[in-house]
**Q** 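Could you have a look at this structure, given as structure tokens, before my questions?
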Amino acid sequence: MTCQTVSTDRPDFSLVVPCFNEADGIDEFHRRAAAVMNRIGGRWEVVYVNDGSRDATLLHLERLRAHDPRVAVINLSRNFGKEIALTAGLDHTSGAAVIVIDADLQDPPEVIPELVAVWREEGYDMVYAQRRKREGETWLKRATADAFYRVMQRIGGVSMPRDTGDFRLISRRAVDALLQLREQHRFMKGLFAWIGFPSKAVLYDRAPRHAGGTSWNYWKLWNFALEGITSFTVLPLKLATYLGVIVATFAIVYGGIIVVRTLIFSNPVPGYPSLITVVLFLGGVQLMTLGMMGEYLGRIFNESKARPLYLVERYLPPQQAMIGADADRATVLPR
Ligand code: UDP
Ligand code: MG
């Protein structure tokens, strides 16, 4: 096969695709993504990160790479979670712009040309795809998401765009900035917002999953929210102080009332029920604040170990980034 470029050249675009148990849909994803990228023009590569899949994802990725020299595959040593898989992918990109996209086709590759157009023509560093509407979501999920964004905006100090996932185009300098943030607890939405740089939204309709099932549930969402809040604000730590001040003030006032009542009316001291209520309430508040401190302590513990974010079992680099007719031929896969 003849090629117009050599592999040492920087491609114009790098796609980063984290994959966890995506064997059923990954070929279809590649077909659609490659078709879109070929239409855009410019040289591109795609970095697939196999995040410890328990199915045949790696096999499929290796097969894709055998037929398409623009494919790079990173096989992580185990499942590290999407955030870290994404970071591993970003670490191995060289494109002038990087596009982060899910493998399950919920982020339609057909939106990529719009992201690229905004980047090219208007020069934004971060062009994120924003969902136009969400269908098939319960009011509970909607309401909890609403509350979360409001809290993050209010106390987190980072204003994160609503209804966005990780699907976005990031300029090289923004990627380099992002990769300087090596914290273990990677709340990507927050990190994207933290680095700043001019950003713009492109609206799109989110599709249902192509194959397989989502790995999200309410427990995971709760932990996601906790991650977001504790990564970006220490306000919950101060809560104990204010609660303490309020309770102490209340106690002094109430103590005064009891003294006065006993002196003037010689009332007997109120007994067991009120006492147990106060004791249990304060016990609960103390445990809660301890737990809150534990959240932060645990995170300090994890960061202080300074372990690498991920371990690579195997890295298969792209063989070349191509343009034109060669590229079109390369995307034809045997069934
Ligand atoms: N993913 C991953 N590691 C994980 C979980 C998910 O790399 O531990 C990938 C998954 O293959 C997909 C993307 O992250 O490409 C989004 O995952 P999913 O569709 O489960 O999340 P949702 O669309 O519900 O946000
Ligand atoms: Mg999905």
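Each ligand, and each atom within it, is numbered from 1 in the order the structure gives.
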**Q** Which atoms of ligand 1 have any heavy atom of Gln106 under 4.0 Å away?
**A** 19 (O), 23 (O)
**Q** Evaluate side-chain contact (heavy atoms from CB on, under 4.5 Å) for Leu115 paired with Phe167, printing each intermediate quantity in order.
**A** CA-CA 10 Å; Leu115 304 180; Phe167 185 23; 4.0 Å; yes
**Q** Give a yes or no answer on whether the side chain of Glu313 reaches the backbone of Ile74 with a donor-acceptor pair at less than 3.5 Å.
**A** no
**Q** Measure from NZ or CZ of Arg78 to the centre of the six-membered ring of Phe80, then state whether that distance is under 6.0 Å and the direction lies within 45° of the axis.
**A** yes
**Q** In ligand 1, which numbered atoms sit nearer than 4.0 Å to a non-hydrogen atom of Ala103?
**A** 15 (O)
**Q** With salt bridge (charged side-chain N to carboxylate O under 4.0 Å, His left out) as the test, would you mind laying out the steps for Glu62 and Arg314 before giving the verdict?
**A** CA-CA 11 Å; Glu62 283 176 336; Arg314 215 176 323 160; 2.6 Å; yes
**Q** Geometry only, no angles: is Pro18 polar-contacting ligand 1 at N/O separations under 3.5 Å?
**A** yes
**Q** Which N/O/S atom belongs to Asp104 and is the closest one to the Mg ion (ligand 2)?
**A** OD2
**Q** Would you mind running through ligand 1 and noting each atom that sits below 4.0 Å from a heavy atom of Asp51?
**A** 2 (C), 3 (N), 4 (C), 7 (O), 8 (O)
**Q** By number and element, which atoms of ligand 1 are closer than 4.0 Å to a non-hydrogen atom of Asp102?
**A** 13 (C), 15 (O), 16 (C), 23 (O)
**Q** Before giving the answer on ring pair (Phe, Tyr, Trp, His ring centres under 6.0 Å), spell out for Tyr124 and Phe197 the whole-Å C-alpha distance, their side-chain angles and the decisive distance to 0.1 Å.
**A** CA-CA 8 Å; Tyr124 285 94; Phe197 289 110; over 10 Å; no
**Q** Show the atoms of ligand 1 that are less than 4.0 angstrom away from any heavy atom in Cys19.
**A** 7 (O), 11 (O)
**Q** Please check this pair: side chain of Arg154 against backbone of Tyr149, looking for a donor-acceptor N/O pair closer than 3.5 Å.
**A** no
**Q** With atoms numbered from 1 as shown, which atoms in ligand 1 lie under 4.0 angstrom from a non-hydrogen atom of Glu22?
**A** 10 (C), 11 (O), 12 (C), 15 (O)
**Q** Tell me the contacting part of Val17 for ligand 1: side chain, backbone, both, or neither, using a 4.0 Å heavy-atom threshold, strictly below.
**A** neither
**Q** Could you check Leu169, Ile112, Val118 and say which one makes a side chain to side chain contact (heavy atoms under 4.5 Å, CB included) with Val202?
**A** Val118
